[in-house]
S.K.: 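One structure is given below, represented as structure tokens, and several questions about it will come after.
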Amino acid sequence: MFFRRKRLDRATARVEIAKVLIDLKQLHKRAFFYRSRLETKIRDYTEKISYISDPKLRDSYLKSIEMYRQALSAISSVEATLELLIVRLETLGLLGTSVKELLMIKEVLRNIKGSAQLIPDLSLIAEDISERVSDLLEYFPVSRDLIVSASAEAKSIIQEAEVVAKEKEKGSVALEF
């Protein structure tokens with residue numbers, strides 16, 4: 001036997017999966033923090049615009065608001081995606097997390113990394129968690145059917161998250177002029 005699959009005992013696997021879930025929750029908290037800061041910035045700049053008479057300064061503030069809105073849209077999407085992923089994982093955690101869920105985490109994090117490029121902090125953390133999940137997946141056999149199923153579930157989470165993120169943006173007081 002030249003190529004033996006590495007062994008990972010059940011207790012160690014559970015601990016490592018729990019650490020991934022904790023890190024996902026920390027990433028979600030960080031995304032929430034950034035979203036609330038962006039909403040505050042937009043609200044502050046919007047209030048300041050009514051008192052500014054200089055057209056160049058006013059245009060500068062409007063450009064800043066637009067830039068913050070774009071970042072808010074991306075962060076809202078990341079936050080909603082993480083929220084749905086965590087809820088799904090906690091629900092499945094009661095039944096036992098499997099390889100399918102690890103594949104799903106990896107796929108969702110790949111999407112988040114792209115969305116979070118405006119905030120490198122979130123992107124780096126998502127990449128780190130994704131690498132740790134990849135390391136864990138080396139210990140388990142993965143079939144093509146499992147990959148397809150996990151990918152479909154990840155796409156479902158991402159689509160649901162887009163709807164949730166848009167609703168959060170609509171409900172945000174910070175987006176109103």
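These numbers come from a predicted model, not from an experiment. Heads up: numbering here begins at 1 and tracks the sequence.
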S.K.: One thing to verify: whether Lys19 and Glu16 come together as a salt bridge, which I'm taking to mean a side-chain N less than 4.0 angstrom from a carboxylate O.
M.R.: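 Yes, this pair counts.
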
S.K.: Does Leu124 belong to the same Ile/Leu/Val/Met/Phe/Trp/Tyr cluster as Leu27, with side-chain heavy atoms less than 4.5 Å apart forming each link?
M.R.: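 Cluster IDs for Leu124 and Leu27 differ.
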
S.K.: Any idea which heavy atoms bring Ala80 and Val164 closest together, and the distance?
M.R.: CB-CG1, 3.8 Å

S.K.: Can you give me the closest heavy-atom contact between Thr46 and Ile42, atom names plus distance?
M.R.: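 Answer, listing the atom of Thr46 first, then Ile42: OG1-O, 2.6 Å.
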
S.K.: Do the side chains of Val15 and Leu136 join up, straight or via other hydrophobic residues, at under 4.5 Å, putting them in one cluster?
M.R.: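 Different clusters.
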
S.K.: Look at the side-chain heavy atoms of Ile, Leu, Val, Met, Phe, Trp and Tyr, link any pair under 4.5 Å apart, and say whether Phe33 and Ile129 land in one connected group.
M.R.: yes

S.K.: Do Lys166 and Glu162 sit within salt-bridge range, that is, some charged N less than 4.0 Å from a carboxylate O?
M.R.: no

S.K.: Is there side-chain contact between Arg110 and Ser130, with at least one heavy-atom pair below 4.5 Å?
M.R.: no

S.K.: Starting at CG of Leu84, measure out to NE2 of His28 and round the result to the nearest 0.5 Å.
M.R.: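 It comes to 8.5 Å.
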
S.K.: Between Ile17 and Val20, is a side chain to side chain contact (heavy atoms under 4.5 Å, CB included) present by the stated rule, with each step listed?
M.R.: CA-CA 5 Å; Ile17 291 170; Val20 167; 5.6 Å; no

S.K.: For Arg58 versus Ile52, what's the shortest heavy-atom pair and its separation?
M.R.: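 Shortest heavy-atom separation between Arg58 and Ile52 comes out as N-CG2, 3.9 Å.
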
S.K.: Under a 4.5 Å cut-off applied to non-hydrogen side-chain atoms, are Ile125 and Asp121 in contact?
M.R.: yes

S.K.: Count I, L, V, M, F, W, Y as connected when their side-chain heavy atoms are under 4.5 Å apart, and connections chain through other members. Are Tyr68 and Ile119 then in the same cluster?
M.R.: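 Looking at the clustering, Ile119 is in the same group as Tyr68.
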
S.K.: Glu39 and side-chain hydrogen bond (donor to acceptor under 3.5 Å, both in side chains): which single residue from Arg37, Lys41, Arg35 fits?
M.R.: Arg35

S.K.: Quick one: pull up CZ in Arg132 and CG in Leu109 and give me the separation to the nearest 0.5 Å.
M.R.: 10.5 Å

S.K.: Report yes if some heavy atom in the side chain of Val108 is under 4.5 Å from a heavy atom in the side chain of Ile105; otherwise report no.
M.R.: no

S.K.: Side chains of Glu107 and Ile157: does their closest heavy-atom pair fall under 4.5 Å?
M.R.: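 Contact flag for Glu107/Ile157 side chains = no.
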
S.K.: Could you tell me the separation between the OH atom of Tyr61 and the CD1 atom of Ile49, rounded to the nearest 0.5 Å?
M.R.: 9.0 Å

S.K.: Just by distance, no angles: are the side chains of Ser156 and Glu160 close enough, under 3.5 Å, to form a donor-acceptor pair?
M.R.: yes

S.K.: Is a donor on one side and an acceptor on the other found under 3.5 Å between the side chain of Ser60 and the backbone of Lys56?
M.R.: no

S.K.: Assess whether salt bridge (charged side-chain N to carboxylate O under 4.0 Å, His left out) is satisfied between Arg88 and Glu101, documenting all intermediate values.
M.R.: CA-CA 9 Å; Arg88 180 97 32 108; Glu101 284 75 37; over 6 Å; no

S.K.: Taking the side chain as every heavy atom from C-beta outward, state whether Leu122 and Ile112 have any atom pair closer than 4.5 Å.
M.R.: no

S.K.: For residues Ala150 and Met104, report the shortest heavy-atom separation together with the two atoms involved.
M.R.: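 Nearest pair, atom of Ala150 first, then Met104: CB-N, 3.8 Å.
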
S.K.: Working to the nearest 0.5 Å, report the span between NZ of Lys155 and CG of Asn111.
M.R.: 10.5 Å

S.K.: For the CG atom of Leu89 and the CG atom of Leu102, what is their distance to the nearest 0.5 Å?
M.R.: 8.5 Å

S.K.: If you take all heavy atoms of Ala31 and Ile75, which pair is closest and at what distance?
M.R.: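 Nearest pair, atom of Ala31 first, then Ile75: O-CG2, 3.3 Å.
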
S.K.: Has the side chain of Ser76 got a donor or acceptor atom that lies under 3.5 Å from a matching backbone atom of Ser73?
M.R.: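 Such a contact is absent between Ser76 side chain and Ser73 backbone.
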
S.K.: How long is the gap from OG on Ser77 to CG on Leu72, to the nearest 0.5 Å?
M.R.: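 The distance works out to 11.0 Å.
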
